[in-house]
Colleague: 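What follows is a single structure, and I will ask about it in a moment.
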Amino acid sequence: GESVGLHLPTLSVQEGDNSIINCAYSNSASDYFIWYKQESGKGPQFIIDIRSNMDKRQGQRVTVLLNKTVKHLSLQIAATQPGDSAVYFCAETASSEGTALIFGKGTTLSVSS
Amino acid sequence: IAGITQAPTSQILAAGRRMTLRCTQDMRHNAMYWYRQDLGLGLRLIHYSNTAGTTGKGEVPDGYSVSRANTDDFPLTLASAVPSQTSVYFCASSDKSASGGNEQFFGPGTRLTVL
């Protein structure tokens with residue numbers, strides 16, 4: 001089956017550094033991607049999304065980059081703060097195939113002061 | 001109610017017992033979903049509903065059933081719980097269908113332990 005994966009299960013950074021969390025997907029028909037943040041004991045929270053007709057999308061302190069050629073997605077967090085510590089999930093869907101969102105296994109981001 | 005609520009927050013259940021996890025949303029979203037989250041496996045879709053009156057199977061539907069009698073509620077039932085169903089269960093909703101490529105909003109989760 002199709003899979004969405006993250007390159008690293010854990011990422012440790014210092015406060016103030018920029019963080020980059022990567023995600024690889026295998027379904028070339030995927031056309032919608034989301035990044036979620038999940039803090040301990042809580043449900044996933046939407047961060048940012050991107051459709052396949054875009055290469056880059058920016059939010060507040062976050063940027064998502066999509067490289068369809070190599071089927072790679074990344075989430076960049078600028079000036080990482082301790083409150084950014086959480087598990088980050090990417091998710092994909094191929095709307096033309098009628099599939100639901102498929103989630104990756106997650107990357108745990110730890111931010112130290 | 002604001003967003004999605006789930007009940008109970010947590011539950012310890014004896015194997016073989018029947019259990020219904022409740023989920024209610026007040027956003028008038030058409031689509032609703034149930035996921036289970038297990039360490040190392042991420043979020044896996046159990047069942048979904050694109051609109052009231054319809055349901056569909058996800059990646060791991062066995063041992064679970066759902067119903068969608070109205071827009072707001074989407075209960076998940078374990079007819080006869082087994083220890084492998086110990087997990088954290090999340091309900092979610094989105095404005096459009098499961099395949100519509102839209103953001104899903106998640107509830108706070110139910111932690112279920114089956115002994």
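Keep in mind the model is a prediction, meaning the values are calculated, not measured. Any value given below was found using the heavy atoms of this structure, including those in side chains, with hydrogens, waters and symmetry copies removed. First the proteins, then the strands, lettered A, B, ... as listed; each starts at 1.
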Colleague: Which heavy atom in A:Q38 sits nearest to a heavy atom in B:F90, and how many Å separate them?
Modeller: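 That would be NE2-CZ, 3.3 Å.
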Colleague: Verify the cluster assignment for A:V87 and B:V88: are they in a single hydrophobic cluster under the rule of side-chain heavy atoms below 4.5 Å apart?
Modeller: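 Yes; B:V88 is reachable from A:V87 via cluster members.
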Colleague: Please determine whether the number of non-hydrogen atoms from other residues, nucleotides or ligands lying under 6.0 Å from atom CZ of B:R17 exceeds 12.
Modeller: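 It does not: B:R17 CZ has 12 such atoms or fewer within range.
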Colleague: State plainly whether one hydrophobic cluster holds both A:V62 and A:V13, where clusters connect Ile, Leu, Val, Met, Phe, Trp and Tyr through side-chain heavy atoms under 4.5 angstrom apart.
Modeller: yes
Colleague: Roughly how far apart are B:F106 CZ and A:Y36 OH, rounded to 0.5 Å?
Modeller: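 Going from the CZ atom of B:F106 to the OH atom of A:Y36 covers 5.0 Å.
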Colleague: Would a hydrophobic clustering, with Ile, Leu, Val, Met, Phe, Trp and Tyr connected at side-chain separations under 4.5 Å, put B:M27 with B:F74?
Modeller: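 Unlinked, B:M27 and B:F74 end up in two clusters.
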Colleague: Enter the distance from B:Y35:OH to A:L101:CG here, rounded to the nearest 0.5 Å.
Modeller: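 Reported to 0.5 Å precision, the distance equals 5.0 Å.
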Colleague: Rounded to the nearest 0.5 Å, how far apart are CD of B:Q104 and OG1 of A:T93?
Modeller: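 Rounded to the nearest 0.5 Å, the CD-OG1 separation comes to 8.5 Å.
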Colleague: Applying a strict under-4.5 Å side-chain criterion to I, L, V, M, F, W and Y, I'd like to know whether B:Y33 and B:L43 cluster together.
Modeller: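 Yes; B:L43 is reachable from B:Y33 via cluster members.
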Colleague: Count I, L, V, M, F, W, Y as connected when their side-chain heavy atoms are under 4.5 Å apart, and connections chain through other members. Are A:F33 and A:M54 then in the same cluster?
Modeller: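 Yes, same cluster.
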Colleague: Quick one: pull up CD in B:E103 and CD1 in A:I48 and give me the separation to the nearest 0.5 Å.
Modeller: 11.0 Å
Colleague: Under 4.5 Å heavy-atom distance to chain A, tell me which part of B:L45 shows up: side chain, backbone, both or neither.
Modeller: side chain
Colleague: Please classify the contact between B:Q37 and chain A as side chain, backbone, both or neither, with a heavy-atom cut-off of under 4.5 Å.
Modeller: side chain
